[in-house]
**Q** 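Handing you this structure, nothing more for now.
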Amino acid sequence: MSLEPPLLVLVGVLGLAIGSFLNVVIHRLPRGQSLLTPPSTCPSCGTRLRAIDNVPVLSWIALRGRCHACRAPISAQYPLVEGVTAAIFVLVAWLTPVGPGLVAHLVLVVLLVVLFGIDWHHQILPNVLTLPGIVIGFLFSLLGPPGWKASLMGAALGAGILYGIAAVYFAVRREEGLGMGDVKMLAMIGAFLGWKAVLVTLILASFSGALVGVGLIAASRGGMRLALPFGTFLSVGALAAMLVGEPLVTWYAGFFVP
Ligand SMILES: [Zn+2]
């Protein structure tokens, strides 16, 4: 049984508020700054944001994407992260039965959104997120799906596959194609979602990564080497695996089982 519509609205509001905090995490964590102090200020003029400037999405629209004091543009990333977090929260709460599994999925969404944002900007996946993430995912698996065995196998498979690919790539190309951050991130995804979801995540991430890569190379008219942060694709792949992984596997298996 999933949540009733009035509660889904509440989950959406919660998602907006958490998304607002995730903006702070994405900005400050890679810079080694405190997540709680000082309060948010305009990056251009240093004016402290008023409470009314901190309402997710709405403030940005009301201010037309500009600081109230100096009119410097405020990145559309802020309302985007808030809106996307809220939308995914509602989708997950709608599709997941109420229980420890739902809480686990929402926690994983938080981690995936932050890892996406930080990998996008800095091409790093901080250990301070992925390593505790592996432990938290495993602890949740003791209370609900996918169960602790699938969780352990997921963490091992996630780390093993990407470590293997990274080692082969390094042996062939003599340069680092995949970072250890990706290895730990897929282990974390496996700890939360189990080993089957690791395979779905990896296939979706590689496929979408290849599509976007080809598109970017075509757009830049060849020659240019582009380093795409694979963690962003792992985030999107894991979200898809979480939301539609089971129907996807059933549909795919339908081609082979008469
Ligand atoms: Zn300003």
Side-chain angles (χ1 to χ4, degrees), residues 8-93 106-133 179 181-182 185 188 208-209 212 215-216 219-220 224 226-236 238-239:
L8 286 180
V9 174
L10 219 61
V11 170
V13 174
L14 179 73
L16 284 173
I18 289 179
S20 182
F21 178 66
L22 298 189
N23 273 315
V24 176
V25 178
I26 290 168
H27 185 79
R28 293 189 184 178
L29 189 124
R31 296 173 169 84
Q33 298 165 342
S34 160
L35 302 182
L36 301 174
T37 54
S40 301
T41 55
C42 166
S44 296
C45 69
T47 304
R48 211 159 125 175
L49 296 194
R50 303 164 300 179
I52 198 170
D53 303 328
N54 256 330
V55 183
V57 182
L58 295 180
S59 289
W60 191 87
I61 295 172
L63 291 165
R64 293 187 188 81
R66 289 177 180 280
C67 164
H68 77 268
C70 71
R71 311 300 299 157
I74 303 165
S75 167
Q77 179 185 318
Y78 290 93
L80 206 63
V81 167
E82 290 157 354
V84 166
T85 305
I88 303 171
F89 262 44
V90 171
L91 260 180
V92 169
L106 294 178
V107 170
L108 180 58
V109 169
V110 163
L111 288 164
L112 293 174
V113 169
V114 172
L115 287 168
F116 183 103
I118 294 178
D119 204 27
W120 178 278
H121 285 291
H122 304 277
Q123 290 79 51
I124 51 165
L125 298 162
N127 284 340
V128 69
L129 297 169
T130 51
L131 294 181
D182 299 298
M185 182 175 174
M188 178 194 88
S208 55
V212 172
L216 282 179
S220 69
M224 207 173 118
L226 292 151
L228 295 164
F230 192 56
T232 57
F233 295 105
L234 285 176
S235 276
V236 175
L239 279 175

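Here the structure is a predicted model, which means the values were calculated and not measured. First listed ligand is number 1; within each ligand, the first listed atom is number 1.
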**Q** Out of C45, P43, P73, S44, which residue meets the side chain to side chain contact (heavy atoms under 4.5 Å, CB included) rule with C67?
**A**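 Among C45, P43, P73, S44, the one meeting side chain to side chain contact (heavy atoms under 4.5 Å, CB included) with C67 is C45.
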
**Q** H121 versus Q77: any side-chain heavy-atom pair under 4.5 Å?
**A**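 With C-beta onward as the side chain, the pair touches.
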
**Q** For residues 52-62, which residue pairs qualify under salt bridge (charged side-chain N to carboxylate O under 4.0 Å, His left out), counting only residues two or more places apart or in two chains?
**A**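 Of all non-adjacent pairs touching residues 52-62, those that pass salt bridge (charged side-chain N to carboxylate O under 4.0 Å, His left out) are R50-D53.
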
**Q** Check the orientation of F230 and F233. Use parallel for under 30°, tilted for 30 to 60°, and perpendicular for over 60°.
**A**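 Ring orientation of F230 relative to F233: tilted.
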
**Q** Mind listing the protein N/O/S atoms less than 2.8 Å away from the Zn ion (ligand 1)? Waters don't count.
**A**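 As for protein N, O or S atoms lying under 2.8 Å from the Zn ion (ligand 1), they are C42 SG, C45 SG, C67 SG, C70 SG.
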
**Q** List for me each residue that meets side chain to side chain contact (heavy atoms under 4.5 Å, CB included) alongside L131, sequence neighbours excluded, and say none if there are none.
**A**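 Residues passing side chain to side chain contact (heavy atoms under 4.5 Å, CB included) with L131: N127, I134, K184.
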
**Q** Show every side chain to side chain donor-acceptor pair (under 3.5 Å) that has at least one partner inside residues 56-65, sequence neighbours left out.
**A** none

